[in-house]
Amino acid sequence: MNKLSACSSMACGISLQPKMVLASLRVRKQGNGRCTNVPRNVNLEKLQNNYLFPEISKRELQHLEKYPNAKVISLGIGDTTEPIPEQISLSMANYAHSLSTADGYRGYGAEQGNQALRKAIAETFYKDVAIKDTEVFVSDGSQCDISRLQLLLGSKVTIAVQDPSFPGYIDSSVIIGQAGDFQDKTGKYQNIEYMQLGPQNNFFPDLTVTPRTDIIFFCSPNNPTGHAATRKQLQQLVEFARDNGSIIIFDSAYAAYISDDSPKSIFEIPGAKEVAIEISSFSKFAGFTGVRLGWTVVPEELLFSGGFPVIHDFNRIVCTCFNGASNIAQAGGLACLSPEGFQAICAVIDYYKENAKILVDTFASLGLEVYGGVNAPYVWVHFPGSKSWNIFAEILEKTHIITVPGSGFGPGGAEYIRISAFGKRKHIIEASWRLEKLFSKGKPLCNCLK
């Protein structure tokens with residue numbers, strides 16, 4: 001897909017003579033139709049290539065055009081595959097049907113979310129840390145909330161991100177105007193602090209050498225590495241934020257996959273309410289990737305530098321930019337948090353975790369360094385000395401398996417690929433067999449195996 005660039009203000013500006021405008025259009029215009037006098041948002045011009053996951057989808061389609069009979073197994077984009085438990089889908093169906101009746105019809109709901117659902121989220125996930133239901137804001141997904149939080153914070157703040165990390169943090173920072181120019185040599189944006197993660201530091205940044213920033217984006221369990229920060233690590237993070245007067249945006253979208261005693265919420269750490277916002281989602285927890293439902297927790301104790309409560313401004317952002325999550329989706333969310341619904345969801349999560357174990361065991365048996373897959377549905381595989389897009393392309397070409405190149409998550413993922421455990425068991429087993437067949441040949445893949 002070619003990257004299109006709109007006419008610049010110079011090319012379409014009214015200060016140029018008509019002949020000059022036409023000549024400039026012939027050279028610079030790439031779209032169809034006539035240019036306006038409105039310049040493109042300069043921040044969007046800074047974005048590099050296409051957003052990662054649509055790019056993966058594009059390459060999958062290209063592969064299918066080349067091999068129309070190939071049985072492609074998609075272990076790339078982290079989309080859930082197992083059906084939503086019946087009692088949950090039935091609750092949404094019943095709610096949708098009730099909208100056809102005079103008694104059951106409902107229009108706009110509260111922008112902050114259904115009160116019963118806010119209470120259920122607080123009691124299910126935050127009962128032991130005393131988060132109030134009024135501090136919970138229901139949304140149409142955590143990725144949307146990332147952008148709303150960026151709108152809340154504005155363009156003047158400085159930010160830090162894990163490297164590697166979910167690309168939405170960086171791209172939204174670029175769009176809002178927090179980032180400087182992209183540096184081809186380093187693969188990084190100016191004005192963004194990249195906190196390096198890897199086996200050498202147990203996938204947790206060295207905070208003793210990390211400069212102070214206003215905002216710290218932190219995901220645990222991390223996407224893509226699968227590492228869940230330990231209690232000690234999160235204590236260090238909260239202390240670091242408190243010492244520097246920073247705000248942590250903590251993404252706990254994969255908390256339900258934690259199997260050990262790692263914290264599932266940043267608010268399990270004393271003092272976190274004064275320095276953290278938490279975003280989370282029903283997408284990977286309940287298979288709501290297409291239903292769209294999530295939440296954000298903004299504690300009352302969190303204050304801006306002038307003493308104004310952050311929760312008040314976030315409430316204004318929500319009321320101004322969002323009319324509330326779908327009532328049908330929220331009915332499903334309530335069913336998820338019922339005793340029966342929650343039990344059914346946990347069974348699906350266990351299914352994906354077993355998939356992850358199969359993939360981890362497969363790569364480990366091939367002599368590769370593999371991480372994740374224990375507290376998260378992602379497996380992070382190291383191919384020393386190789387470029388991740390080359391690994392992605394070779395695996396796709398030779399096995400018809402879709403993965404995700406690690407460099408799509410930042411320069412720290414340059415030698416890695418991410419494998420998703422979301423898939424049918426038969427497809428996971430088939431993918432493992434194909435990978436074993438490929439790696440067991442005389443010539444190792446990309447010369448990564450000794």
Side-chain angles (χ1 to χ4, degrees), residues 1 3-6 8-9 38-56 141-198 205-207 209-220 222-225 237 240-241 244-251 253 275-277 279 296 304-305 310 313-314 317 321 388-389 404-414:
M1 184 180 295
K3 184 178 180 182
L4 300 180
S5 59
S8 68
S9 58
V38 180
R40 186 184 181 197
N41 181 339
V42 294
N43 295 321
L44 288 169
E45 294 179 5
K46 296 177 182 178
L47 291 173
Q48 299 300 300
N49 305 315
N50 296 316
Y51 189 66
L52 176 62
F53 300 113
E55 178 66 21
I56 298 295
S142 57
Q143 188 163 355
C144 297
D145 275 344
I146 290 170
S147 295
R148 294 185 189 108
L149 287 169
Q150 292 284 27
L151 189 60
L152 167 79
L153 298 167
S155 61
K156 302 301 183 183
V157 297
T158 55
I159 73 160
V161 298
Q162 294 160 294
D163 179 29
S165 68
F166 179 61
Y169 310 140
I170 291 177
D171 283 7
S172 62
S173 297
V174 173
I175 292 171
I176 202 70
Q178 298 163 351
D181 293 331
F182 184 77
Q183 306 297 298
D184 290 321
K185 186 175 181 179
T186 63
K188 300 177 181 180
Y189 285 94
Q190 292 178 325
N191 304 337
I192 293 180
E193 181 63 31
Y194 290 75
M195 303 183 296
Q196 186 177 6
L197 307 179
D206 184 354
L207 298 178
V209 298
T210 301
R212 183 220 175 256
T213 59
D214 297 315
I215 308 300
I216 304 168
F217 282 95
F218 198 93
C219 180
S220 180
N222 176 265
N223 176 15
T225 68
L237 181 65
F240 179 76
N244 288 292
S246 305
I247 294 178
I248 302 165
I249 307 297
F250 189 81
D251 187 343
V275 294
I277 294 170
I279 56 176
T296 289
F304 287 116
S305 59
V310 175
D313 275 356
F314 187 67
I317 292 290
C321 305
S388 60
W389 276 107
V404 179
S407 59
F409 299 96

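Please read these numbers as outputs of a predicted model, since none were measured by experiment.
For the pair Asp163 and Gly412, the tightest heavy-atom approach, listed with the atom from each and the gap, is OD1-N, 2.9 Å. Scanning all heavy atoms of the two residues, the minimum distance from Ile146 to Gly168 falls at CG2-O, 4.2 Å. Minimum interatomic distance between Ala179 and Asn191 (heavy atoms only, all atoms of both residues): C-ND2, 4.0 Å. The two residues Phe314 and Leu149 make their nearest non-hydrogen contact at CE1-CD2, 3.6 Å. Shown here for Gly408 and Pro167, the closest heavy-atom pair between the two residues is O-CB, 3.9 Å. Considering all non-hydrogen atoms of both residues, Ile215 and Thr213 come closest at O-OG1, 3.0 Å.
The shortest side-chain heavy-atom distance between Phe166 and Cys219 does not fall under the 4.5 Å cut-off. A 4.5 Å side-chain heavy-atom check between Arg212 and Phe240 finds every atom pair outside the cut-off. At least one side-chain heavy atom of Pro164 sits under 4.5 Å from a side-chain heavy atom of Leu197.
Here the straight-line distance linking atom CZ of Phe217 with atom CD of Glu193 works out to 14.5 Å at 0.5 Å rounding. Between the CD1 atom of Ile279 and the CD1 atom of Ile277 there is a distance of 9.5 Å, given to the nearest 0.5 Å. Interatomic distance, Asn223 CG to Ser165 OG, rounded to the nearest 0.5 Å: 8.5 Å. Rounding to the nearest 0.5 angstrom, the gap separating the CG atom in Asn43 from the CG atom in Asp171 is 12.0 Å. In this structure, the separation between OG on Ser246 and CG on Asp214 is 6.5 Å, given to the nearest 0.5 Å. Atom CG in Leu207 sits 6.5 Å away from atom CG in Leu237 (nearest 0.5 Å).
Judged purely by distance below 3.5 Å, without hydrogens or angles, the side chains of Thr225 and Asn222 pair a donor atom with an acceptor atom. The closest side-chain donor-acceptor pair between Gln178 and Thr158, if any, does not fall under 3.5 angstrom. In this structure, a donor-acceptor pair under 3.5 Å is absent between the side chains of Ser172 and Ser147. Judged purely by distance below 3.5 Å, without hydrogens or angles, the side chains of Gln162 and Gln196 never pair a donor atom with an acceptor atom.
A donor-acceptor pair is defined here as one N or O able to donate and one able to accept, closer than 3.5 Å; no such pair exists between the side chain of Lys188 and the backbone of Phe182. The main-chain N or O of Ile216 is never found under 3.5 Å from a side-chain atom of Tyr169 such that the two would form a donor-acceptor pair. Asp251 places no side-chain N or O within 3.5 Å of a backbone atom of Phe218 that could act as its donor or acceptor partner. The backbone N or O of Ser388 lies less than 3.5 Å from no partner atom in the side chain of Ser407, so there is not a single donor-acceptor pair.
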Problem set entry | Check against side chain to side chain contact (heavy atoms under 4.5 Å, CB included), Val174 and Tyr189 | CA-CA 8 Å; Val174 173; Tyr189 285 94; 3.6 Å; yes

